[in-house]
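Written out below as structure tokens is the structure these notes cover.
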Amino acid sequence: MVDELVEVTENRLWAGLYYLLELRAPAIAAEAQPGQFVHIRVPGCADALLRRPFSIYRVQGETVSVLYKVVGKGTAALARVRAGERLEVLGPLGHGFSLPRAGEEEPLLVAGGYGVAALYLLAERSPCRGILFEGGRTRGDVLCEEEFRALGWEVRVTTEDGSHGWRGLVTEPLREELARRARGRKLYACGPTGMLRAVARLAEEFGVAAEVSLDEPMCCGVGVCLTCVVPVRTAEGWEYQRACTEGPVFDARRVLWEVPA
Amino acid sequence: MVDELVEVTENRLWAGLYYLLELRAPAIAAEAQPGQFVHIRVPGCADALLRRPFSIYRVQGETVSVLYKVVGKGTAALARVRAGERLEVLGPLGHGFSLPRAGEEEPLLVAGGYGVAALYLLAERSPCRGILFEGGRTRGDVLCEEEFRALGWEVRVTTEDGSHGWRGLVTEPLREELARRARGRKLYACGPTGMLRAVARLAEEFGVAAEVSLDEPMCCGVGVCLTCVVPVRTAEGWEYQRACTEGPVFDARRVLWEVPA
Amino acid sequence: MNLAVQIGGLRLQNPVTVASGTFGYGVEYARLLDLNRLGAVTVKGICLRPVRGNPKPRTAEVTSGLLNAIGLQGPGVDGFIRHYWPFLRQLRVPTIINIWGTTIEEYAEVARRFDELEGVGALELNVSCPNIKEGGAQFGTDCRLLGRVVAACRRATRLPLITKLSPNVTSIVPYARVAEQEGSDALSIMNSYPALAIDIETRRPRLGNGIGGLTGPCIKPIAVKLVYDAACAVRIPIIGMGGIQSAADAVEFLLAGATAVAVGTANFYAPRTALEVIEGLQAYMKRHGIGDVRELIGRVEMPGTGRPAEAGAPEGAGGSD
Amino acid sequence: MNLAVQIGGLRLQNPVTVASGTFGYGVEYARLLDLNRLGAVTVKGICLRPVRGNPKPRTAEVTSGLLNAIGLQGPGVDGFIRHYWPFLRQLRVPTIINIWGTTIEEYAEVARRFDELEGVGALELNVSCPNIKEGGAQFGTDCRLLGRVVAACRRATRLPLITKLSPNVTSIVPYARVAEQEGSDALSIMNSYPALAIDIETRRPRLGNGIGGLTGPCIKPIAVKLVYDAACAVRIPIIGMGGIQSAADAVEFLLAGATAVAVGTANFYAPRTALEVIEGLQAYMKRHGIGDVRELIGRVEMPGTGRPAEAGAPEGAGGSD
Ligand SMILES: Cc1cc2nc3c(=O)[nH]c(=O)nc-3n(C[C@H](O)[C@H](O)[C@H](O)COP(=O)(O)OP(=O)(O)OC[C@H]3O[C@@H](n4cnc5c(N)ncnc54)[C@H](O)[C@@H]3O)c2cc1C
Ligand SMILES: Cc1cc2nc3c(=O)[nH]c(=O)nc-3n(C[C@H](O)[C@H](O)[C@H](O)COP(=O)(O)OP(=O)(O)OC[C@H]3O[C@@H](n4cnc5c(N)ncnc54)[C@H](O)[C@@H]3O)c2cc1C
Ligand SMILES: Cc1cc2nc3c(=O)[nH]c(=O)nc-3n(C[C@H](O)[C@H](O)[C@H](O)COP(=O)(O)O)c2cc1C
Ligand SMILES: Cc1cc2nc3c(=O)[nH]c(=O)nc-3n(C[C@H](O)[C@H](O)[C@H](O)COP(=O)(O)O)c2cc1C
Ligand code: FES
Ligand code: FES
């Protein structure tokens with residue numbers, strides 16, 4: 001983990017509402033693992049102090065890429081940063097995905113929102129190809145199809161309005177596939193919490209292992225502030241674990257989706 | 001007085017350490033009087049809330065110009081604003097210089113620091129030409145010589161280190177000129193407070209009228225906060241007047257340079 | 001859509017006024033805004049005699065805020081009536097006159113003088129001042145003194161009386177209650193927070209007076225809590241202020257329990273803020289299908305307790321780490 | 001050039017530590033900073049038993065600050081000693097253990113347990129907590145209770161005892177004095193300020209707990225004044241904190257009367273801040289020809305009074321408008 005002042009080599013609207021941010025960040029690139037994130041200090045909003053977390057999308061040589069959407073103050077300011085400017089970036093952070101075991105676990109990736117960006121590195125470094133199930137509200141939300149196909153993965157798209165791929169929720173074609181064959185498969189999911197819960201339920205129903213990357217608001221990103229805690233099952237009952245440190249990736253069987261009374 | 005969102009048409013390092021800021025500000029341009037100022041809200045330093053005051057330098061059609069030096073947070077952020085961006089500008093503000101009466105008052109302008117910028121409009125609109133005495137520490141501090149000469153004014157420059165013009169303080173050639181002839185002359189001064197006090201003393205010594213533009217830290221710029229008060233002689237004794245409203249230009253004879261005990 | 005609210009006997013066409021000391025005497029900003037669009041105009045604090053004010057520097061910009069020690073410069077009652085009242089009198093919105101004194105008798109005398117003045121909307125008592133008679137103890141941080149000042153002013157005038165509370169107290173509840181009991185028609189919360197900024201090159205305070213009052217967006221969360229605490233404790237309406245820059249900020253105060261809001265420091269750098277708050281309030285209400293702004297007052301849903309009106313005294317414990 | 005200072009019996013190689021709750025238990029930031037360069041490491045608050053903490057959201061970003069209601073999540077004394085102490089013990093700089101309790105007896109028990117632990121640098125008492133036995137009154141806002149907590153901890157340990165004061169009091173002077181009288185070796189000023197932020201779309205507070213504590217640059221001027229007030233009233237050293245982001249900020253606290261400073265919220269967005277403060281302090285001292293950092297302590301020149309050491313109790317009157 002390092003805190004680097006890195007050069008922005010690219011920052012542009014890339015697909016749909018998503019921007020591509022490319023950073024020359026050699027130390028972070030060298031250590032980055034699938035499912036990890038970076039914590040970026042955004043200039044130009046001096047009264048909004050906290051860093052913002054973004055999943056590591058691609059690593060190419062010294063370059064780390066991020067895909068992000070403008071949702072609020074920080075991302076709006078990030079979109080105004082120009083190539084050539086520098087950003088303070090902390091990373092790589094968090095406990096990421098474990099690579100599928102070749103021959104034993106065929107990976108089924110499930111993505112919504114920015115989740116597909118978080119899964120790319122896993123797909124790229126996986127010893128075996130599998131299927132990416134990607135869902136969104138409409139066509140413009142669906143990212144990186146070609147990037148995953150270029151890796152040799154099968155991509156099945158769902159949109160809620162039917163404007164692209166199957167019409168419905170992403171868990172529907174996933175259910176069909178698991179019903180066809182669950183044995184030897186493993187799920188990896190990243191997206192909105194509702195989607196993750198549905199994936200966890202499917203994993204339990206079909207008895208498959210699943211890793212979910214949780215989307216928790218963060219503050220420090222390194223495990224000291226205790227903002228990002230999620231309840232996790234333990235031998236003795238349950239405890240809070242930190243989405244920025246023990247996570248964001250967790251074994252779906254251990255995630256408690258509500259805090260026990 | 002208006003509060004306009006105006007377009008920046010130029011913002012570049014111009015001479016020495018001074019930047020030229022040109023604004024397309026038709027409503028302000030139409031009302032601007034010599035010695036008035038604008039109050040600029042600088043983007044890019046969200047935790048520094050207050051506007052910064054700058055003298056109106058030139059008015060050409062719809063364009064209002066300002067010359068400024070980077071001294072702190074606000075001016076540093078101002079220097080990063082690009083042409084095409086917009087700024088919130090309040091103005092024109094303040095009580096400015098009175099034009100010399102043709103044939104009765106030969107104007108002698110005395111400038112230091114950014115003061116020469118504040119005096120340009122006076123020189124341009126004056127019914128008669130006079131002499132500009134401009135002082136600075138070194139050559140790089142001396143601005144706008146050619147601009148004033150192009151208006152037909154005589155310019156006498158002083159630098160403390162002698163790198164340009166006479167060596168010494170600006171009040172020295174002024175004293176010589178007043179000693180040569182004081183009658184029918186009027187002084188107009190803008191610059192550091194020490195210089196203004198010296199000019200006021202000379203005015204008293206030689207019995208000439210003088211108007212001084214005071215450099216007081218400001219907050220609201222429009223007369224409500226009572227930050228910028230200066231003690232001013234009145235019939236009943238003295239009172240505080242506001243440098244942003246009753247000033248920044250005052251009759252030098254009435255300015256009290258210390259608050260009476 | 002109704003935006004009108006009542007502050008004691010005073011009806012405001014909308015819940016937005018300006019904070020004393022940040023809007024002069026109205027005439028200064030009249031060139032930039034149509035004052036008749038405001039709920040009310042609140043003027044700079046007036047005491048019996050003219051006051052020159054503190055040595056400079058009187059203000060200092062701090063992170064997301066302002067530190068001030070103006071020293072309550074003012075023309076005195078006579079000077080105010082002669083120079084500023086004619087303009088305010090012809091406005092179609094009420095004027096709230098902020099008043100202060102150095103002794104209880106002075107407060108009451110100022111209140112009495114304005115009681116005699118035709119057309120005043122309300123008086124707002126600034127109690128964040130030292131009591132010269134009692135060794136400089138502040139009226140606003142001594143419950144007993146506060147009660148006596150409010151009672152004295154209450155006897156001196158029939159005008160709506162708004163008591164403006166100091167924030168630097170262990171709990172605002174006893175102060176709010178005393179002010180209510182002694183006859184305040186409303187409260188204003190909050191005045192500036194005592195603070196200090198030091199110039200490390202000169203080793204002197206950045207203000208000529210040393211200590212100053214902190215205002216602006218930096219203090220908003222403190223002000224919102226104080227409004228909430230007071231709203232749980234009294235029935236009289238509250239004018240909330242402290243760092244309001246937008247309609248969203250204003251809605252926070254209303255939800256916390258304020259009946260009206262005041263825009264202060266923001267006037268200095270964004271003079272149209274008060275009008276933008278009014279417009280933004282209307283947009284917010286439209287978006288949420290709210291027909292009457294009074295539906296917002298005190299409607300924050302706190303954990304475990306629901307509405308402030310039902311909450312009673314909030315727990316004494318801070319919930320923070 | 002000397003940067004070393006004494007906090008009670010504890011020698012710090014430089015006057016910079018980190019604020020409890022913003023630096024975990026040291027190990028987390030060890031990958032980013034050389035902890036052995038700090039004056040001391042101050043850890044997250046520990047109480048007798050493990051604590052899970054508050055419902056989320058636990059933090060909210062506000063203008064130039066942070067609102068938090070973490071709920072003092074922690075491993076308890078045993079868990080701390082087992083999991084975190086081995087790492088801290090091998091540091092070459094002292095550890096200040098921040099402790100808290102729900103009753104006076106609990107505070108004393110925690111103090112006693114750490115008194116028995118070999119190698120602890122000092123204990124810092126977080127009194128901004130509710131006293132469960134006394135109906136939830138906060139230790140830090142009740143002078144009598146504060147005195148009893150400090151006295152109980154004083155009896156329980158010989159370690160340097162730092163009492164961390166709550167800022168939301170009418171005057172910090174009586175609290176500083178009580179803490180000193182009952183045996184504190186030093187004070188920490190300030191803990192977070194109670195505050196509230198409301199989400200206007202949901203009408204709920206932005207924190208799961210409702211009320212939270214405000215920290216960060218927005219509160220610095222309040223903290224600097226409280227340090228000054230306390231420094232005028234007591235002789236024991238003060239660790240100043242509240243929004244420090246730079247060496248310049250740290251110097252303000254020293255000039256106001258602090259002997260040491262702590263970097264808090266800034267760690268979250270600029271993890272190297274504490275080290276930059278140390279380096280910047282050295283640069284400032286070099287520029288001003290100061291050979292010993294202790295020359296800065298309390299050296300602010302307030303109007304009319306000179307140094308805080310000579311000032312006595314600062315005037316009760318706020319100087320603000
Ligand atoms: C591990 C992780 C990885 C992420 N990866 C991506 C990504 O690859 N691409 C992408 O577009 N977004 C990603 N996000 C979400 C992204 O962090 C938020 O969209 C962003 O922080 C919003 O900041 P803002 O200032 O624009 O919004 P604001 O609403 O102004 O943010 C205010 C505060 O809330 C926090 N916040 C608000 N929304 C979220 C959220 N959904 N999740 C976490 N924190 C939030 C912010 O970080 C900030 O501290 C990720 C979040 C996490 C936790
Ligand atoms: C009427 C008037 C006209 C001016 N005209 C010009 C001009 O034409 N060109 C130019 O370069 N400068 C001019 N100045 C000075 C200019 O306003 C300051 O240099 C500028 O405000 C500094 O802001 P900053 O944020 O860079 O510095 P900071 O030190 O960060 O400013 C902090 C605060 O102090 C105030 N401040 C600091 N220095 C001064 C100062 N010398 N005068 C007034 N306020 C100050 C700022 O306005 C701000 O509120 C003028 C000042 C006044 C009062
Ligand atoms: C420069 C200045 C002068 C003030 N003068 C007064 C005053 O005379 N009387 C008063 O009660 N409050 C006065 N205040 C306090 C404001 O009315 C208001 O309570 C405070 O500024 C908080 O609101 P804000 O953060 O929106 O500015 C003054 C504030 C400032 C900044
Ligand atoms: C997330 C968070 C957790 C905190 N936890 C504690 C704590 O456990 N004990 C304590 O005494 N103070 C705690 N504090 C208060 C800090 O130690 C410090 O007093 C305060 O944050 C002010 O300093 P700052 O503005 O530099 O952050 C916490 C502050 C924050 C932001
Ligand atoms: S964000 Fe601070 S502990 Fe996870
Ligand atoms: S700057 Fe506010 S009155 Fe002049």
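Keep in mind it's a predicted model, so treat the numbers as computed, not measured. Note on naming: letters A, B, ... go to the chains in the order of the sequence lines (proteins, then strands), and numbering restarts at 1 for each one. Side chains included, hydrogens not; waters and symmetry mates left out as well; all remaining heavy atoms used.
- The minimum heavy-atom distance linking D:Cys218 with C:Leu214 is given by the pair O-CD2, 3.9 Å.
- In this structure, NZ on D:Lys225 lies 11.0 Å from CG on C:Leu67, to the nearest 0.5 angstrom.
- Contact detail for C:Thr170 and D:Val169: the closest heavy-atom pair is OG1-CA, 3.4 Å.
- With sequence neighbours excluded, the residues satisfying side-chain contact (heavy atoms from CB on, under 4.5 Å) with D:Thr63 are A:Asp47, C:Ser64, C:Pro217.
- Closest heavy-atom contact between D:Pro303 and C:Gly210: CG-N, 3.8 Å.
- With a threshold of 4.5 angstrom between heavy atoms, C:Pro167 approaches chain D through N, CA, C or O but not through any side-chain atom.
- Interface remark: C:Phe253 contributes no atoms to any contact with chain D (heavy atom separation under 4.5 Å).
- Comparing C:Gly21, C:Pro205, C:Pro55 by heavy-atom pairs within less than 4.5 Å of chain D, the highest count is held by C:Pro205.
- A 6.0 Å sphere centred on CZ of D:Arg204 holds no more than 12 heavy atoms belonging to other residues, nucleotides or ligands.
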Practice prompt. Could you go through the side chain to side chain contact (heavy atoms under 4.5 Å, CB included) check for C:Glu252 and D:Arg206 one step at a time?
Written response: CA-CA 11 Å; C:Glu252 270 194 87; D:Arg206 289 176 57 202; 5.7 Å; no
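- Annotation: side chain of C:Met302 is in contact with side chain of D:Ile211 (closest heavy-atom distance under 4.5 Å).
- With values rounded to the nearest 0.5 angstrom, D:Ile172 atom CD1 is found 12.0 Å from C:Asn168 atom CG.
- Chain C forms more heavy-atom pairs under 4.5 Å with one residue of D:Val62, D:Ile222, D:Thr215, D:Asp199 than with any other, namely D:Ile222.
- Across all their heavy atoms, C:His288 and D:Ile200 have their closest contact at CE1-O, 4.4 Å.
- Contact of C:Arg287 with chain D is made through the side chain alone, with heavy-atom distances under 4.5 Å.
- Applying the side-chain contact (heavy atoms from CB on, under 4.5 Å) rule to C:Ala270 yields the partners B:Arg41, C:Thr273; only residues at least two apart in sequence or on another chain are considered.
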Worksheet entry | Check against side chain to side chain contact (heavy atoms under 4.5 Å, CB included), C:Leu196 and D:Val300 | CA-CA 11 Å; C:Leu196 177 61; D:Val300 63; 5.7 Å; no
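- For chain D, the nearby part of C:Leu296 is the side chain; its heavy atoms alone come within less than 4.5 Å.
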